[in-house]
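Okay, structure first, notes after.
Throughout, protein chains are lettered first and strands after them, A, B, ... in sequence-line order, and every chain is numbered starting at 1. This is a predicted model, so every value here is computed, not measured.
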Amino acid sequence: MIDLKDLRENPGKYREGCRKKGMAVDIDRLLALDEQRRTLATQRDNLRAEQGKVEKEIGPQIGRLAGSIKKAEGAERAKLEAELEALKARPASFKTQVQELETRLQGLEPELHSLLLTVPLPPDADVPVGTSSDDNVEIRRWNPGADKGPCGCAFDTSKSYEQNRGFRPKNHIDLVRDLGLADFERGVKMAGTRSYVLTGDGMLLHQAVLKYAFDFMTLRNGFKAMSVPVLVREEAMVGTGFFPAGREQAYHIPESGGTALQSGAGTSTGQETGATQDKYLTGTGEVGLMALHMGEILREEDLPLKYTTVSTCFRREAGAAGKDTAGLYRIHQFDKVEQVVICRADEAESRAWHKKMIGYVEELLQSLGLAYRLLQCCTGDLGVKNADMIDVESWMPGRGEVLKDGSTTGAYGETHSASRLYDYQCRRLNMRYRAGGEGGKGATTFCHSLNNTVLASPRVLIPILEMWQNQDGSVTVPPVLRPYMGGKERIG
RNA sequence: GGUGAGGUGGCAGAGCGGUUGAAUGCGCCGGACUUGAAAUCCGGUAGGGGCUCCGGUUCCUCGGGGGUUCGAAUCCCCCCCUCACCGCCA
């Protein structure tokens, strides 16, 4: 959520932000509603202030009168009672006016709030303007040298796989079938399209790479290891910024026996408290990690908070029909190690963390011998909540164009996404800290938050299997994973 | 699934119709005492919105919404959430 006060003062900034992100939000309408609300609220407050004064004044009088009435008799009593009624009538006249203003105010509120939730965080000035992922800008690429590369050789993505390795590669779909690492048919039988079963060494490799990545972040880089719910209330989804925009992307579990709301159904009032007992399956561990301190005032000296979780992620992949339907690339359920940083509201600090979090991933991918590149996402690819986003794409030899001879060119495929959100998310989550150091008396300030994939599997198995395959059809286990595979060096 | 209890400031926890945005304790901040610290004592310490001559001023908030009342944290209704016990069970 953006700062309404800032919107009021710098509407141009947000109009520009919408334009750059290619999102249509009626800023003028929002400003008009805000203006109306403030006018009405001021009127109401003034009336209430007067009413309060009157009440304070007549309160004791009423008390005294009531006392006298008890003792009084006959005409005297009637007179006092009339007096009492007259007194009571004074504040009553305010009441109807206040109530009328109140009604009008409440009429504005739902639209105002839901509009406010849809205003995107403006992208940073240094983010290239563009309309889709096609306009993303490559920052740099990394190719493994002989020391890091698969099977002890260097790998250069500007050459064909055959030129690099001396044989035509299989794609991961063939590899998992031939090596018995996954079973798509049975996955689909029980769970429908985009489902799979990992079998034998496939599952072992999946677990190995997840555990390796998890240990890398927690044991080696000091992030706190966490296990968080993946089944959460709407509050957590709205707070972390996934709702309302991404509602159709999430699985909805109606717990109260009601009918499941699909995308767009009903108007989201954006209420901060859960309205039902319904739950949603999270598409990323980020939700659980960020919602953890929802509504809290943190201590500045406890920042930054650095968390890592590994969790199963659920995505409906609505709107992706027909895209990447085969294999382990785009699936409804997968596991992901996620990293999150919650830090002070300081742009320099949050930028520094962004770099650092990307650095972890680079180190991790390099240790796995996977070629990758960094992409600066353009404004059109950012989504509502990000000011800046860097994607990491790993080289997947089995992707890309199919040539005449049946081989593929290879292509980069997204495996990571590092977001910088300023206070957008923490504002929604109402997550603050008290500025001013030790036990500070300073103002409460919304924290900044960042998140980045550490590693998502089984998607990452695609580059691992394809890069580390051998001519004989076996796959070498990357050395760093062997301790997690009982020392196993080869699959197949 | 059944029954019961309860949601109050950073935390714990009183208040159950009368000015209470709220006792008390802890925590935190400032001060006194002390060579320093601890202990002790004194004082301060909720969040948010509006307006502002930036000194203030005013409104809202005791889970949320509505109602009763001159007046509600306190009474009534609806909703949300949490906890406990029993049953079932990984």
(request) Give one of base, sugar-phosphate or nothing for R8(A), where a contact means two heavy atoms less than 4.0 Å apart. (result)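 Result for R8(A) = sugar-phosphate.
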(request) Tell me what A41(A) touches on the nucleic acid: a base, only sugar-phosphate, or nothing, going by heavy atoms under 4.0 Å. (result)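 A41(A): no heavy atom of the nucleic acid under 4.0 Å.
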(message) Return whichever of E102(A) or R37(A) has its heavy-atom-nearest nucleotide of RNA chain B closer to the 5' end.
(response)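 That would be R37(A).
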(request) On RNA chain B, check which nucleotide each of R299(A) and E50(A) is closest to and give me the residue with the more 5' one. (result)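 Looking at the nearest nucleotide for each, R299(A) comes out on the 5' side.
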Does [N] pair with anything, Watson-Crick or G-U wobble, both distances under 3.5 Å, and if so, with which nucleotide?
N      : value
A72(B) : none
A37(B) : none
U82(B) : A5(B)
C88(B) : none
U20(B) : none
U45(B) : G27(B)

How far does the [atom1] atom of [N] sit from the matching atom of [M], given to the nearest Å?
N      : M      : atom1 : answer
C54(B) : A39(B) : P     : 43 Å
C77(B) : U19(B) : P     : 26 Å
A5(B)  : U20(B) : C1'   : 26 Å
G31(B) : C80(B) : C1'   : 46 Å
G36(B) : A22(B) : P     : 37 Å
G18(B) : U69(B) : C1'   : 12 Å
A72(B) : C88(B) : C1'   : 43 Å
C11(B) : G7(B)  : C1'   : 15 Å

Between [atom2] of [N] and [atom1] of [X], the distance in whole Å:
X       : N      : atom1 : atom2 : answer
L303(A) : G10(B) : CG    : P     : 17 Å
E296(A) : G47(B) : CD    : P     : 16 Å
E109(A) : U61(B) : CD    : P     : 14 Å
D45(A)  : G50(B) : CG    : P     : 11 Å
M1(A)   : G48(B) : CE    : C1'   : 12 Å
E301(A) : C28(B) : CD    : P     : 10 Å
L105(A) : G49(B) : CG    : P     : 16 Å
R44(A)  : C51(B) : CZ    : P     : 13 Å

Less than 4.0 angstrom between a side-chain N/O of [X] and OP1 or OP2 of [N], yes or no?
X       : N      : answer
T42(A)  : C59(B) : no
R48(A)  : C60(B) : yes
R233(A) : U82(B) : yes
R432(A) : G47(B) : no

Do [X]'s NZ or CZ and the ring of [Y] fall within the cation-pi criteria of under 6.0 Å and 45°?
X       : Y       : answer
R186(A) : F184(A) : no
R299(A) : Y433(A) : no
R220(A) : F216(A) : no

(message) Using every non-hydrogen atom in the two residues, find where I342(A) and C447(A) come nearest and quote the distance to one decimal.
(response)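 Result for this residue pair: CG2-CB, 3.7 Å.
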(message) Assess whether a salt bridge exists between D324(A) and R194(A), defined as any Lys/Arg side-chain N lying under 4.0 Å from an Asp/Glu carboxylate O.
(response)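 No salt bridge links D324(A) with R194(A).
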(message) Taking K488(A) first and then D201(A), would you say they form a salt bridge - that is, a charged N and a carboxylate O separated by under 4.0 Å?
(response) yes
(request) Looking only at side-chain atoms of A49(A), point me to the closest of G47(B), G50(B), U58(B). (result) U58(B)
(request) Report the residue from H332(A), Q333(A), K279(A), R315(A) that forms a side-chain contact (heavy atoms from CB on, under 4.5 Å) with Y251(A). (result)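 For Y251(A), the side-chain contact (heavy atoms from CB on, under 4.5 Å) test succeeds with only one of H332(A), Q333(A), K279(A), R315(A), which is H332(A).
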